[in-house]
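Every chain is numbered from 1 and lettered A, B, ... according to where its sequence line falls, protein lines coming before strand lines.
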2 protein chains.
Amino acid sequence: MVNKVKFERDEVIRTAGQLFWQKGFNATSTRDLQNAINMRPGSIYAAFGSKEGLYCEAIKDYALFMQNQLLSALNEHESILDGLTAFVKKVLIEDAECAPSMLCMLVKANNEFTEDEPTLKLLSNDLANQFEAFLTTLFEKAQHTKELGTKLTAVEYARYFQIQFTGLRSYLNRPNTQALADALIDQMFLSIKQL
Amino acid sequence: MVNKVKFERDEVIRTAGQLFWQKGFNATSTRDLQNAINMRPGSIYAAFGSKEGLYCEAIKDYALFMQNQLLSALNEHESILDGLTAFVKKVLIEDAECAPSMLCMLVKANNEFTEDEPTLKLLSNDLANQFEAFLTTLFEKAQHTKELGTKLTAVEYARYFQIQFTGLRSYLNRPNTQALADALIDQMFLSIKQL
DNA sequence: TTTGATTTTGAGCGACCGTTCAAGTTAAAA
DNA sequence: TTTTAACTTGAACGGTCGCTCAAAATCAAA
């Protein structure tokens, strides 16, 4: 090798991801990206192939980041439900102050893409399904440790959690709702426990 | 007046609305609209001023249509909660077969628009708040008739309903989830009643 | 110090965007 | 039948889009 790349790949992906997360895929222009990540078209296309390629890396990075957030919240709590609660509060209260959107980037992706963008539609769906599968194993564990009843199957709990979480984030995306976050999260877990 | 317009305004707004609902505002081009509503640019701009103007009419029409759907479901049931259940099933099961998206058009709008489109952001938010206000009066009535307890205030019930409804629609937007709709709706109202 | 593969730069391509407007068409009024 | 204001048409404008590529810059190896 006679010349090394001058940019930090992970950092570029994260910065681009923030922009994509905020504005959506279609509303983010390649000029926006050029400014945000301080790279010229040639370099971007050499490194990522296309705007779509960069977006794919960014959304995969987002999913990985979320999973790590959840894992570290679980590590800090004995109880799985406590860990999940801490995770939700971290994402919706602490991180929310500087996050580009209250909405989950995967959900935003699923909302934006139609059959016109089959690759991105498939990818965002895959990542959401992976997250659901991970949640399912969590609720299985919670049922084994008797934290949670067996009225619902683990996958049903996982579905219910996602519905609540997504609905809540969508509501908190409205202006002047941030003050309600804490109480609504408690209400969410109350309703999960007493299902 | 020496010459009348040749298009049916309401029908044009509804058709355009279906396209906007499906693809979002930014991803719907004026050429898409021209084809869908069979009008040439000059006529569209004479009638609606701009793409944004047509979108405003379309989203207001959507909100009105939803309110009418809810009102007619309420008329067909003694109980308010039964009426709400029928409304949700109508929207998520019956209408879903030919609707352009599982998601609420207002929610999609709120998700898409940033500070770059302040007019549309404000409008979609206004319409969502109006719907919340209407829901609140419904839950007040339900509390007066003892259908519902007073553990939560009416506006808290309205918020919870919207969170559930939005979260559910987002989940049902994923592929191969339609079969789950009926059970998840029952679960939703169960959790509202036992809050 | 020279070489040369690799990376970066940025002008610019063709396509499509939202929108305009002069010209053509229409039909009620004169 | 002629007039004329309202409506429709569609070519085309300036701007932005995603993306390309020839030229310049870079730096490890020779």
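- Note: CG (A:L54) to P (D:dG18) measures 12 Å, nearest angstrom.
- For DNA chain D, none of the residues of residues 21-29 of chain B falls under the heavy-atom distance limit of 4.0 Å.
- Residues of residues 32-46 of chain A that place a heavy atom closer than 4.0 Å to DNA chain C, in numerical order, are A:R40, A:P41, A:G42, A:S43.
- Here the shortest heavy-atom pairing between B:N111 and A:S170 reads OD1-OG, 4.4 Å.
- For B:K51 and C:dC16, the NZ to P distance is 15 Å, given to the nearest whole Å.
- Rounded to whole Å, atom P of D:dT16 lies 14 Å from atom CG of B:D116.
- Side chain to side chain, A:S79 and A:E147 meet the donor-acceptor criterion of an N or O pair below 3.5 Å.
- Counting heavy atoms from C-beta outward, A:Q187 and B:R159 have side chains that stay 4.5 Å or more apart.
- Residue-environment remark: NE2 (B:H144) stays at or below the threshold of 12 foreign heavy atoms within 6.0 Å.
- Nucleotide D:dC17 holds its C1' atom 13 Å from the CZ atom of B:R31, rounded to whole Å.
- Under the 3.5 Å distance criterion, with hydrogens and angles disregarded, a donor-acceptor pair is assigned to the side chains of A:Y160 and A:Q164.
- Between A:L172 and A:M102 the shortest heavy-atom distance is O-CG, 3.5 Å.
- The ring-ring contact (aromatic ring centres under 6.0 Å, His included) pairs that include a residue from residues 113-136 of chain B are B:F25-B:F113, B:Y55-B:F113, where partners are two or more places apart or lie in different chains.
- More than 12 heavy-atom neighbours from other residues, nucleotides or ligands sit within 6.0 angstrom of CG on B:N68.
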